[in-house]
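The structure appears right after this line, and notes come after that.
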Amino acid sequence: MPISKDFQQRLSGSLPSIVDHYGTPFHLYDEKGIRKTGEALKKAFADFDGFREYFAVKALPNPEIMRIMRSMDFGFDCSSVAELQLSRQVGARSEEIMFTSNNTSRLEFEMAEAAGGSILNLDDISLIEKLPRMPELICFRYNPGGRRTGNEIIGNPIESKYGVSHNQLLDAYRRAQAQGARRFGLHTMLASNELDYNYMVETARMLLDVIEWLSEALSITFEFINIGGGMGIPYRPDQQPLDIQSMAQEIGTAFDQFKGRHGYVPRLYMESGRFITGPHGVLVTRAINRKEIYRTYVGVDACMSALMRPGMYGAYHHIDVLGKESTEETVDVVGSLCENNDKFAIQRTLPEIEDGDILYIHDTGAHGHAMGFNYNGKVRPRELLLRMDGTVELIRREETLDDYFATLQFEPDKLSI
Ligand SMILES: *Cc1c(COP(=O)(O)O)cnc(C)c1O
């Protein structure tokens, strides 16, 4: 199932007035759905002492959304200075922020350390020497290489640029310890948009095995394991949602076994983005042109600047036409870029669409607006939030051409050589 029936029902009642007031296109997020998913996640993992979700900021980096996450006691997973700033801006500090960066610059480390700090999750052994100083609590991102496969989207860990290799891992913790680290965590991320919970259970088991090995070799204990993000959502109508109850139960069994052997368990952390917000957003756009050539094209007033996933990954996003239900024709739904990838749907059977019809594209609550770009000088649309009480709030204005041209205003700077 794409977006929930409940969200869909509330949408069909309120969309006409929202469109009237704000105009199209826009992303609209559903606070009720986000909270429901967040609370369900907390409930499923309630038996894990100190369980924490670090919301992956990159999925939906909007302060109002991040305030919702904070009110559910979630931390933030950041991988850039901008994401760190956003997290601090909504009040997150030190161990409420996990800094999981790749190819990290010195500036990023300085920023991560500044203004209250964060948990550093190092992506490479060479970074130990590049840190401004070794913090008390340190985490490494583990890349198991050939020891385990990633899921289809992540691919083969051997080809992945992320993480510390198996052969470097022991040395990494030993060096961190020698430089003053006293508290330890271990992280990995091997799946993306995964709907089979067994994958997450396997990841947790693998991390427990690795900390068992490291703990014994170095006489240290681990405060947490972080199984990363990548929990999937059903984008297609025939897909089943991820079974988080079974996932929690089976990871719980692995934790119990670990406790039996060692007398303690680490905390369980995760950093989901898509799972939390993905199904609770729609991109609302209006049909503005219809073109009949070799195929029928429905041109809408949004383009890849608002949602890249279909064009970039060939990803499926369900589409509904407001007030129309019967399926009548097969069309491509396209944006306006001079780029033939700029299609929201290819050969999709939809109700017959006329100019002026309102379409809503499902599951744009994660990696949607955030991934948009300005190619062709197309600007990103506004973001709206449907509050619990049914009111709608602007949470980011649309970009303007002035924003787009802003970087063309600068002091002349010439170099003669
Ligand atoms: C992108 C990313 C996530 C979130 O991924 P989702 O698919 O949105 O759950 C979490 N952790 C890291 C390190 C990431 O790069």
Test side chain to side chain donor-acceptor pair (under 3.5 Å) applied to Asp363 and His317, step by step: CA-CA 7 Å; Asp363 304 311; His317 279 259; 5.3 Å; no
Determine, step by step, whether Phe258 and Phe255 satisfy the ring pair (Phe, Tyr, Trp, His ring centres under 6.0 Å) criterion, reporting the C-alpha distance in whole Å, the side-chain angles of both residues, the deciding distance to 0.1 Å, and the verdict. CA-CA 5 Å; Phe258 185 95; Phe255 268 56; 7.3 Å; no
More than 12 non-hydrogen atoms from neighbouring residues, nucleotides or ligands closer than 6.0 Å to CD on Gln249, yes or no? no
Would you please test Glu136 and Arg182 for salt bridge (charged side-chain N to carboxylate O under 4.0 Å, His left out) and show each step? CA-CA 5 Å; Glu136 193 194 24; Arg182 291 292 170 263; over 6 Å; no
In terms of relative ring orientation, are Tyr316 and His318 parallel, tilted or perpendicular, with 30° and 60° separating the classes? tilted
Check the surroundings of atom CD in Gln347: do more than 12 heavy atoms from other residues, nucleotides or ligands lie under 6.0 Å from it? yes
Taking NZ, NE, NH1 and NH2 as the nitrogens, is one of them in Glu39 or Lys43 under 4.0 Å from a carboxylate oxygen of the other? no
Tightest non-hydrogen contact, residues Ile97 and Cys78, listed as CG2-SG, 3.8 Å
Rounded distance [0.5 Å steps], NZ in Lys36 versus OG in Ser4: 6.5 Å
Is the terminal nitrogen or CZ of Arg382 (NZ for Lys, CZ for Arg) located under 6.0 angstrom from the six-membered ring centre of Tyr22 and within 45° of that ring's axis? no
Between Ser165 and Asn143, is any pair of side-chain heavy atoms under 4.5 Å apart? no
Ignoring hydrogens, what is the shortest heavy-atom contact between Pro63 and Leu86? Give both atom names and the distance. CG-CD2, 3.8 Å
Derivation of the side chain to side chain contact (heavy atoms under 4.5 Å, CB included) call for Leu386 and Phe7: CA-CA 10 Å; Leu386 179 57; Phe7 183 24; 4.1 Å; yes
Between Glu250 and Arg205, does at least one N-O distance fall below 4.0 Å, as a salt bridge requires? no
Taking atom types as modelled, find out whether Ser126 and Asp124 have a side-chain donor-acceptor pair closer than 3.5 angstrom. yes
Does Thr330 form a side chain to side chain donor-acceptor pair (under 3.5 Å) with Thr349? I'd like the steps, not just the answer. CA-CA 4 Å; Thr330 300; Thr349 305; 3.2 Å; yes
Stepwise side chain to side chain donor-acceptor pair (under 3.5 Å) test for Tyr360 and Gln8: CA-CA 10 Å; Tyr360 55 100; Gln8 197 149 6; 3.2 Å; yes
Would you compute the distance between atom CZ of Arg387 and atom CG of Asp389 and round it to the nearest 0.5 angstrom? 8.5 Å
Using a strict cut-off of less than 4.0 Å between a Lys/Arg side-chain nitrogen and an Asp/Glu carboxylate oxygen, indicate whether Glu194 and Arg274 qualify as a salt bridge. no
Is the OH atom of Tyr264 crowded by more than 12 outside heavy atoms at less than 6.0 Å? yes
Checking side-chain polar atoms at under 3.5 Å, does Lys291 have a donor or acceptor matched by the opposite partner on Thr296? no
Applying ring pair (Phe, Tyr, Trp, His ring centres under 6.0 Å) to Tyr235 and His362, what does each step give before you reach the verdict? CA-CA 8 Å; Tyr235 285 97; His362 292 224; over 10 Å; no
Could you tell me whether Glu398 and Arg380 make a salt bridge, using a distance below 4.0 angstrom between a side-chain N and a carboxylate O? no
Identify whether the distance between the nearest side-chain nitrogen and carboxylate oxygen of Asp123 and Lys161 falls below 4.0 Å. no
Salt bridge (charged side-chain N to carboxylate O under 4.0 Å, His left out) between Lys58 and Glu83, intermediate numbers included: CA-CA 7 Å; Lys58 73 165 190 261; Glu83 291 171 6; over 6 Å; no
Quick one: CD1 on Ile3 to CZ on Arg10, what's the gap to the nearest 0.5 Å? 9.5 Å
Under 3.5 Å, is there a donor-acceptor pair between the Thr364 and His369 side chains? no
With a sphere of 6.0 Å drawn around CG of Asp20, does it hold more than 12 non-hydrogen atoms of other residues, nucleotides or ligands? yes
Are Tyr269 and Tyr54 near enough that their ring centres are under 6.0 Å apart? yes
Is the shortest side-chain heavy-atom distance between Leu169 and Trp213 below 4.5 Å? yes
Flag the pair Glu96 and Arg93 as a salt bridge only when some basic side-chain nitrogen lies within less than 4.0 angstrom of an acidic carboxylate oxygen. no
Over 12 non-hydrogen atoms of neighbours within 6.0 angstrom of CZ in Phe373: yes
Do you know which two heavy atoms are closest between Phe109 and Pro132, and how far apart they sit? CB-CD, 3.8 Å
Would you check, one step at a time, whether the test side chain to side chain donor-acceptor pair (under 3.5 Å) holds for Glu399 with Tyr404? CA-CA 8 Å; Glu399 288 174 344; Tyr404 180 72; over 6 Å; no
Between Arg175 and Glu129, does any side-chain N to carboxylate O distance fall below 4.0 Å? yes
Can you tell me if Asp403 has over 12 outside heavy atoms packed within less than 6.0 Å of its CG? yes
What do the steps show when you test Phe99 against Asn121 for side chain to side chain contact (heavy atoms under 4.5 Å, CB included), and what is the final call? CA-CA 6 Å; Phe99 187 55; Asn121 183 19; over 6 Å; no
Please check if atom CG in Asn340 has more than 12 non-hydrogen atoms from other residues, nucleotides or ligands closer than 6.0 Å. no
Look up atom SG in Cys303 and atom CE in Met308, then write down how far apart they are to the nearest 0.5 Å. 10.5 Å
From Asp77 CG over to Glu53 CD, what is the distance, rounded to the nearest 0.5 angstrom? 9.0 Å
Side chain proximity check, Glu271 to Met231, heavy atoms < 4.5 angstrom: no
What heavy-atom pair brings Leu195 and Pro234 nearest, and what distance separates the two atoms? CD2-N, 3.9 Å
Quick check for you: to the nearest 0.5 Å, what is the distance between Leu242 atom CG and Met247 atom CE? 6.5 Å
Counting C-beta onward and ignoring hydrogens, is there a side-chain heavy-atom pair between Thr24 and Ile358 closer than 4.5 Å? yes
Go through the side-chain N and O atoms of Ser79 and Thr100 and say whether any donor and acceptor fall under 3.5 Å apart. no
Under a 4.0 Å threshold between the charged nitrogen and the carboxylate oxygen, would Arg286 count as salt-bridged to Asp301? no
Check ion pair Arg133-Glu113 (N to O, under 4.0 angstrom): yes
Can you see which heavy atom on Gly117 is nearest to which on Arg88, and at what distance? O-NH2, 2.9 Å
Check the pair Ile34, Met69 against side chain to side chain contact (heavy atoms under 4.5 Å, CB included), reporting the backbone distance first and the verdict last. CA-CA 9 Å; Ile34 293 172; Met69 301 304 162; 3.7 Å; yes
Using a strict threshold of under 4.0 Å (side-chain N to carboxylate O), is an ion pair present between Asp357 and Lys324? yes
Report yes if the side chains of Lys378 and Ser336 come closer than 4.5 Å at any heavy-atom pair, otherwise no. yes
Side chain to side chain, Pro135 and Ile138, heavy atoms closer than 4.5 Å: yes
